[in-house]
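Quick notes on the structure that follows.
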2 protein chains.
Amino acid sequence: MYDFSHAVSPATPPSIAPYPAGVGGEDAVAGPVTVYNAGAEIYAEGDRSGALYRLVYGVVRVYRLLADGRRQICAFHRAGEIFGFEAGAERHFFADAVNPVGLRVLRPGGEVETSRELLNLALNSLERAHDHLLTVGRNDAMGRVAAFLLEMGADRDGEALREIDLPMSRADIGDYLGLTIETVSRVLTRLKSARVIRLASTRHLEILRRDVLEDMTA
Amino acid sequence: MYDFSHAVSPATPPSIAPYPAGVGGEDAVAGPVTVYNAGAEIYAEGDRSGALYRLVYGVVRVYRLLADGRRQICAFHRAGEIFGFEAGAERHFFADAVNPVGLRVLRPGGEVETSRELLNLALNSLERAHDHLLTVGRNDAMGRVAAFLLEMGADRDGEALREIDLPMSRADIGDYLGLTIETVSRVLTRLKSARVIRLASTRHLEILRRDVLEDMTA
DNA sequence: CGACTACTTGAAAAGAGTCAATTCACGTGG
DNA sequence: CCACGTGAATTGACTCTTTTCAAGTAGTCG
């Protein structure tokens, strides 16, 4: 089930930088941009899978929900990224908008080239999943938050950013890293006290000592 | 980019069984089986990627090594499984034989069908990675070990097995689950005391109460 | 039989979680 | 424009789990 009721009709398709070019390349016949409000669901577990999405702006969280309400966020996606890969005919994940989001639905044809590019995209997703597993599996709370900040503190080309906007809540960060919100908060406070970061406000920070963060990630 | 440049052209498009079907089906003109001793390296970080492997028998561990010696095992592969997917031209992982292993090297051609099947295989790997992330991210020690036992206590069709052989060490299990060997050992002892499992020997056990294990996984 | 490695067990310490109380930030309405 | 209410974030005190460090035991291979 796909609820578009909250989706506003696309304003103007913002032009975006070329990158994982290919499927739904920018210059190609780009479909309309669908817009979602913060918190709006993009797809849910049980939905029929198949469609892929290219994020034009905003941040999307992809997650699983457990019977007891616990949540594991698998990934945060940002502008330019493509998400929505699924192994089966049905979705096993939920995806929704962290903040206002605009995206394009990609409708892959059956061409050779497309299939290859899909493979590359899937392999990139796989790599990210493994990186994330490493973060969660082999780091203490400090290391996980450090890894998260470094991830958010780099643009898509890996270029380091000094200022970071965190559109997601502490709860989102906790569910991404396998920590409680209290622990996330305490770690950020410690990093602030140690002058590794500067917290301009709760959702906006500056990295003062990137090297220290990198050392924590191990 | 997925580099097929070194891939040899496929002999005969193998007929494929339904499921993670595919590339290098058993009955097709299968290449020679390469044999590895326990502990032998199949590939290493930095090796050129591209080749895929189909495991004929034995268990393979795929892992990452950190600068300080910590290790994160991403997956254990068993007979029938295909592994070796990588996003770049170079491998980011190590793979070696847990016990004596036999495998076939798969050489994908560039055909449409092949590329599609590769995509399916990659998506299955992705799904497994996400399952593993969930295990490690949202479970305590008991839950992780329970999930591990259920994983090892099922054959490739998901059929439940009562008796389990664990070819891997406690250290392997710990590095797979993000736990220390002591914790793994203690949890197994607790499960034994609670008569959830029976430990015939350190590497061989029997699941007495599968339902209890399932409840722990949440 | 002896040496080596894997595994188990125990006690103490560290880390993260839980519960609870504030504090903060922001949007709403007076 | 300010007061208030709501949800988010922080902080504190305490508990519980897991790690760490240290023996000790069991298996295995020569």
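Because the structure is a prediction, the values reported are computed rather than measured. So you know, we letter chains A, B, ... as the sequences are listed, proteins then strands, and number each from 1.
When the shell of 6.0 Å around CZ of R203(B) is examined, it contains more than 12 heavy atoms from other residues, nucleotides or ligands.
Checking dT9(C), dT10(D), dC19(C) against the side-chain heavy atoms of E182(A) singles out dC19(C) as nearest.
Across the protein-nucleic acid pair, I181(A) atom CD1 and dC24(C) atom C1' stand 14 Å apart, rounded to whole Å. Note: NZ (K192(B)) to P (dC7(C)) measures 14 Å, nearest angstrom. Distance CG (L166(B)) to C1' (dC7(C)): 13 Å, rounded to an integer number of Å. One atom, CG of L188(B), and another, C1' of dA6(C), lie 13 Å apart when rounded to the nearest Å. Put simply, CZ on R170(B) is 14 Å from C1' on dT9(C), counting in whole angstrom units.
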- Message: I'd like to know whether D47(B) forms a side chain to side chain contact (heavy atoms under 4.5 Å, CB included) with E90(B), so could you lay out the CA-CA distance, the side-chain angles of the two residues, the decisive distance to 0.1 Å, and finally the verdict.
- Response: CA-CA 6 Å; D47(B) 282 1; E90(B) 267 195 16; over 6 Å; no
- Quick one: do I164(A) and E206(A) satisfy side chain to side chain contact (heavy atoms under 4.5 Å, CB included)? Show the steps, please. CA-CA 6 Å; I164(A) 307 179; E206(A) 189 180 343; over 6 Å; no
- Encode nucleotides 11-16 of chain C as B, S and - characters from 5' to 3', where the letter depends on protein heavy atoms closer than 4.0 Å: B to the base, S only to sugar-phosphate, - to neither. B----S
- Contact letters for nucleotides 23-30 of chain D, in which S counts primed atoms plus P, OP1 and OP2 and B counts the base, heavy atoms under 4.0 Å: --------
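Using a cut-off of 4.0 Å between Lys/Arg side-chain N and Asp/Glu carboxylate O, E45(A) and R91(A) are scored as not salt-bridged. Taking 4.0 Å as the cut-off between side-chain N and carboxylate O, E151(A) and R128(A) count as a salt-bridged pair.
Here S201(A) lies out of heavy-atom contact (under 4.0 Å) with every strand. At a threshold of 4.0 angstrom between heavy atoms, the contacts of R203(A) are confined to the sugar-phosphate backbone, with no base atom among them.
Among residues two or more places apart in sequence or in another chain, the side-chain hydrogen bond (donor to acceptor under 3.5 Å, both in side chains) test is passed with R71(A) by D172(A), D175(A).
Between R209(A) and R195(A), the closest side-chain pair of non-hydrogen atoms is not below 4.5 Å.
Side-chain contact check for D96(A) and Y36(A): no donor-acceptor pair (N or O, by modelled atom type) lies under 3.5 Å.
Both tests do not hold together for R61(A) against F76(A): distance to the six-membered ring centre under 6.0 Å, angle to the ring axis within 45°.
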